2 protein chains.
Amino acid sequence: MTADSHPTTGPIPNHGHDHAHCIADALMRADALCAERGARLTALRRQVLELVWTSHKPRGAYAILEDLSQREGKATAPLTVYRALEFLVEQGLVHRLESLNAYIGCAAPGAVHSGQFLVCETCGNAAEIDDPRIRAAIGTIAAERGFQVSRPTVEVRGTCTDCQEKTP
Amino acid sequence: MTADSHPTTGPIPNHGHDHAHCIADALMRADALCAERGARLTALRRQVLELVWTSHKPRGAYAILEDLSQREGKATAPLTVYRALEFLVEQGLVHRLESLNAYIGCAAPGAVHSGQFLVCETCGNAAEIDDPRIRAAIGTIAAERGFQVSRPTVEVRGTCTDCQEKTP
DNA sequence: TTCGGCGATGTTATAAGATAACGCCATGAC
DNA sequence: GTCATGGCGTTATCTTATAACATCGCCGAA
Ligand SMILES: [Zn+2]
Ligand SMILES: [Zn+2]
Ligand SMILES: [Zn+2]
Ligand SMILES: [Zn+2]
């Protein structure tokens, strides 16, 4: 069993953590999941996934595009990145943050979860959470109103602990 | 209560309701609130608010822009609409739906609420809710993690009752 | 009343995010 | 090998949003 470097129950990762491990771990899990599902994690898609994992800040498609172009040494079209992102989102390896038009690596791919985020407006980091109380509350009110949920979006913007300490 | 009645208490207003009343009511409340606050609900801003209230479907800024241009009989710049929307959002008269890049009139301006929505992916209607359980759950987990909430976003996409009946 | 300040609006240009349409090519089944 | 599928490249275009700067008009102070 892999060490839980980034528990989904933890706070926003601090600057001191071993991020190379995050990346390696994410890629490894992606390989395993896609192999298991018969999904094709091509070199390009894997590359884009790695670039999404550049940090724990949500990244815009065009930021990823720039990095990709630089790595490849040639200009890449936006569509290339968008198609890769679409695949990664479908596979649950990446989430799209609606309120930021940006993408972030999933903290727990493969597991059932609904995609809830705490987004710090100061440092830009986003922590994925999967709070059963929020999930339950949404399920309850939806049921009460006869609303059939397909995709719940919870993006809580605010200030993380670190940034509160720095700017009191 | 008959099986095919259309309850006005449903999650999303049905097609038969008196929408002119919705609009008039929204404008009246906006007038009152802005007067109370000393905020300037100018003719332009009031016009944009009215256009946001065209229906209970979230509307894009450029759709509003088109309507506005048509009403004025002359082309209007996007910024004009965006500035009006910015004002209306600040005043809590309009909400922005992040997952749709669209705007919708607030159902309860003036009252404290966090902006939660049930969005039907079939008919496009959106119902504003303010479920205390969801609010509480978000508050709880934020407190547990030392995260200071400034703007919670909850947008639940799915299928409303009407659309479920039409397409079983 | 007139003046000055400030917020609202107009104008033009551009940034940022996303998709459409078409075709080539690699992969893998048969 | 042949063929079908799906991934990827290319070009163009669309939608959404903001920047920078000029002007207008309301309102209070002199
Ligand atoms: Zn990390
Ligand atoms: Zn932070
Ligand atoms: Zn109505
Ligand atoms: Zn519906």
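Only this structure's heavy atoms are used, side chains among them; waters, hydrogens and symmetry mates stay out. Chain letters run A, B, ... following the sequence lines, proteins first and then strands; every chain starts at 1. Worth saying up front: this structure is predicted, and the values here are computed from it rather than measured.
If you take CG of A:Leu85 and P of C:dT19, they are 11 Å apart, rounded to a whole angstrom. Atoms CD (A:Glu98) and C1' (C:dG17) sit 13 Å apart, rounded to a whole Å. Separating the CG atom of B:Leu88 from the C1' atom of C:dA8 is a distance of 13 Å, rounded to the nearest angstrom. The separation between A:Glu86 atom CD and C:dG17 atom P is 18 Å, rounded to whole Å.
Under the 4.0 Å criterion applied to side-chain N and carboxylate O atoms, B:Glu50 and B:Arg71 are assigned as salt-bridge partners. Salt-bridge formation is not detected for the pair B:Glu86/B:Arg45: no Lys NZ or Arg NE/NH1/NH2 atom is positioned less than 4.0 Å from an Asp or Glu carboxylate oxygen.
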* Protein-to-nucleotide contact annotation, 5' to 3' order, nucleotides 5-19 of chain D [B base; S sugar-phosphate only; - none; under 4.0 Å, heavy atom] -> --SBBBB----BBBB
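Counting Ile, Leu, Val, Met, Phe, Trp and Tyr side chains that sit under 4.5 Å apart, directly or through other members, B:Ile64 shares a hydrophobic cluster with B:Ile23, B:Leu27, B:Leu33, B:Leu41, B:Leu44, B:Val48, B:Leu49, B:Leu51, B:Val52, B:Trp53, B:Tyr62, B:Leu65, B:Leu68, B:Val81, B:Tyr82, B:Leu85, B:Phe87, B:Leu88, B:Val89, B:Leu93, B:Val94, B:Tyr103.
With a 4.5 Å cut-off on side-chain heavy atoms, A:Gln116 and A:Glu155 do not count as touching.
Dense packing is recorded around CD of B:Glu144, with more than 12 heavy atoms of other residues, nucleotides or ligands lying under 6.0 Å away.
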* To do: Using the ring-ring contact (aromatic ring centres under 6.0 Å, His included) rule, take B:His19 and B:His21 through it: C-alpha gap first, then chi angles, then the decisive distance, then the call.
  => CA-CA 5 Å; B:His19 190 60; B:His21 183 267; over 10 Å; no
